[in-house]
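Have a look at the structure below, then the notes.
Quick note: numbers below take in every heavy atom, side chains included, and nothing from hydrogens, waters or symmetry partners. Residue indices begin at 1 and follow the sequence shown.
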Amino acid sequence: MSTAQTRIFVAELADAYQAQVQAAGAQSPGSDWRLATVASVGGSGTVTMSDGTVARRMEDYVNPEVGDLVVIAWSGTGQVLCHGRLGTGTGSSWTTYVPTWSTTGTAPALGNGSLAGEYCLIGDRCEVVITMICGSTTTYGTGQFRWLLPFAAATLANANFHWTGSGIATDAAAAYYPGTARIQSGSQYVMGLSPGSATGSTVAEWNSTRPFTWGNGDYVGLQVTYRIA
């Protein structure tokens with residue numbers, strides 16, 4: 001085949017492909033996509049848009065919320081799918097939140113301390129990071145310390161099962177105390193565990209005197225990955 005014949009063949013092939021694309025589009029009239037805002041979340045895998053359009057969520061669109069800006073697409077037969085929320089303007093996959101600090105007994109008070117959290121949610125997998133610095137007016141309550149998660153944890157096969165991560169409790173005047181971040185099955189909280197300050201002490205949940213007596217300038221770091229409910 002000469003060069004000229006090859007060029008003609010390629011051009012005819014391109015024309016034929018274009019005709020097939022146009023024919024396929026003609027067989028599905030009305031199929032398209034657009035942006036929409038979620039107005040309500042249904043209990044059967046659907047979301048309703050602010051204009052009343054009901055769409056079924058794709059498998060990877062988890063934890064839908066009212067106000068989400070999403071992509072919806074529909075076919076010529078009237079089926080509507082929601083492909084999920086758009087990314088944030090910052091381009092970061094991390095979202096900040098304030099993780100409430102409480103105890104299993106008398107409530108503590110953060111006072112002039114500081115508390116911050118952030119999480120990254122991919123499907124139903126959530127990674128959370130919590131940091132806290134105690135202030136001069138912080139009080140510690142009674143019972144074990146706990147911090148609120150951004151989303152409740154899923155229920156595991158046994159109530160004694162849990163997710164674990166890393167933790168560190170820092171006595172500003174003395175030392176670092178490495179520990180474990182633990183989320184129990186179905187819990188809304190993460191707790192820190194460490195041995196006490198005495199040699200040979202057993203591991204237990206952090207409280208006002210474990211792993212040391214907390215005071216001004218002491219701080220907490222917790223990081224754990226878990227599956228949301």
Side-chain angles (χ1 to χ4, degrees), residues 63 88 90-122 124-156 158-229:
N63 193 43
T88 61
T90 62
S92 174
S93 60
W94 288 85
T95 301
T96 59
Y97 84 109
V98 179
T100 304
W101 174 43
S102 62
T103 67
T104 57
T106 303
L110 186 62
N112 62 353
S114 62
L115 176 61
E118 60 179 353
Y119 65 89
C120 178
L121 184 65
I122 302 175
D124 61 357
R125 178 179 181 271
C126 183
E127 181 177 2
V128 61
V129 176
I130 295 172
T131 53
M132 187 180 87
I133 302 177
C134 303
S136 59
T137 62
T138 300
T139 59
Y140 303 94
T142 62
Q144 288 75 45
F145 294 169
R146 59 188 185 180
W147 290 265
L148 186 68
L149 295 167
F151 310 99
T155 300
L156 297 173
N158 188 291
N160 292 319
F161 292 170
H162 49 261
W163 287 271
T164 55
S166 60
I168 187 166
T170 303
D171 183 349
Y176 299 98
Y177 293 81
T180 298
R182 183 189 67 185
I183 302 173
Q184 293 180 306
S185 173
S187 178
Q188 300 181 65
Y189 300 97
V190 58
M191 305 177 80
L193 296 86
S194 288
S197 56
T199 301
S201 60
T202 59
V203 173
E205 293 86 354
W206 295 346
N207 57 32
S208 61
T209 58
R210 180 183 291 271
F212 50 82
T213 299
W214 295 81
N216 184 33
D218 298 339
Y219 54 94
V220 168
L222 297 167
Q223 183 168 359
V224 61
T225 299
Y226 69 102
R227 177 164 52 88
I228 68 173

> With a 4.5 Å heavy-atom cut-off, do Q184 and L156 have their side chains touching?
Replying inline: no
Could you list the donor-acceptor pairs under 3.5 angstrom formed between side-chain atoms of residues 161-171 and any protein atom two or more places apart in sequence or on another chain?
from	atom 1	to	atom 2	distance (Å)
H162	ND1	N160	O	3.2
D171	OD1	A173	N	3.1

>> Under a 3.5 Å threshold, yes or no: a donor from one side chain and an acceptor from the other, between S194 and W206?
In response: yes
> Within the side chain of D218, is there an N or O that forms a donor-acceptor pair under 3.5 Å with the backbone of A172?
Replying inline: yes
> Do the non-hydrogen side-chain atoms of V224 and I183 ever get within less than 4.5 Å of each other?
Replying inline: yes
> Any salt bridge between R182 and E205, counting N to O under 4.0 Å?
Replying inline: yes
> Ignoring hydrogens and geometry, is there a side-chain-to-backbone donor-acceptor pair from T104 to Q144 under 3.5 Å?
Replying inline: yes
> Does V128 reach the side chain of Y97, with side-chain heavy atoms less than 4.5 Å apart?
Replying inline: yes
> What are the two closest heavy atoms between W214 and T209, and how far apart are they?
Replying inline: CD1-N, 4.4 Å
> Where do M132 and W147 come nearest, in terms of heavy atoms and distance?
Replying inline: SD-NE1, 3.7 Å
> So do L222 and V129 actually touch side chain to side chain, heavy atoms under 4.5 Å?
Replying inline: no
>> Just verifying a value: how many Å separate M191 CE and T180 OG1, rounded to the nearest 0.5 Å?
In response: 13.0 Å
>> Is there a side-chain contact between R146 and T103 in this structure, where contact means two heavy atoms from C-beta onward sitting under 4.5 Å apart?
In response: no
>> So which atom in P99 and which in L115 form the shortest heavy-atom distance, rounded to 0.1 Å?
In response: O-CD2, 2.8 Å
> So which heavy atom on W94 is nearest to which on E118, and how close?
Replying inline: CE3-CG, 3.7 Å
> Distance from I133 atom CD1 to S114 atom OG, nearest 0.5 Å?
Replying inline: 4.0 Å
> Could you state the interatomic distance from CG (N112) to OG (S136), rounded to the nearest 0.5 Å?
Replying inline: 4.0 Å
> With a 4.5 Å limit on heavy-atom distance, are the side chains of Y140 and C134 in contact?
Replying inline: yes
> Mind checking whether Y226 and F151 have ring centres under 6.0 Å apart?
Replying inline: no
>> I'd like to check I130 versus V220 (side-chain heavy atoms, cut-off strictly below 4.5 Å). Are they in contact?
In response: no
>> Please tell me whether N216 and T138 have a donor and an acceptor in their side chains that are separated by less than 3.5 angstrom.
In response: no
> Any side-chain heavy-atom pair from F145 and Y189 closer than 4.5 angstrom?
Replying inline: no
> How close do L149 and S187 get, heavy atom to heavy atom, and via which atoms?
Replying inline: CD1-O, 3.9 Å
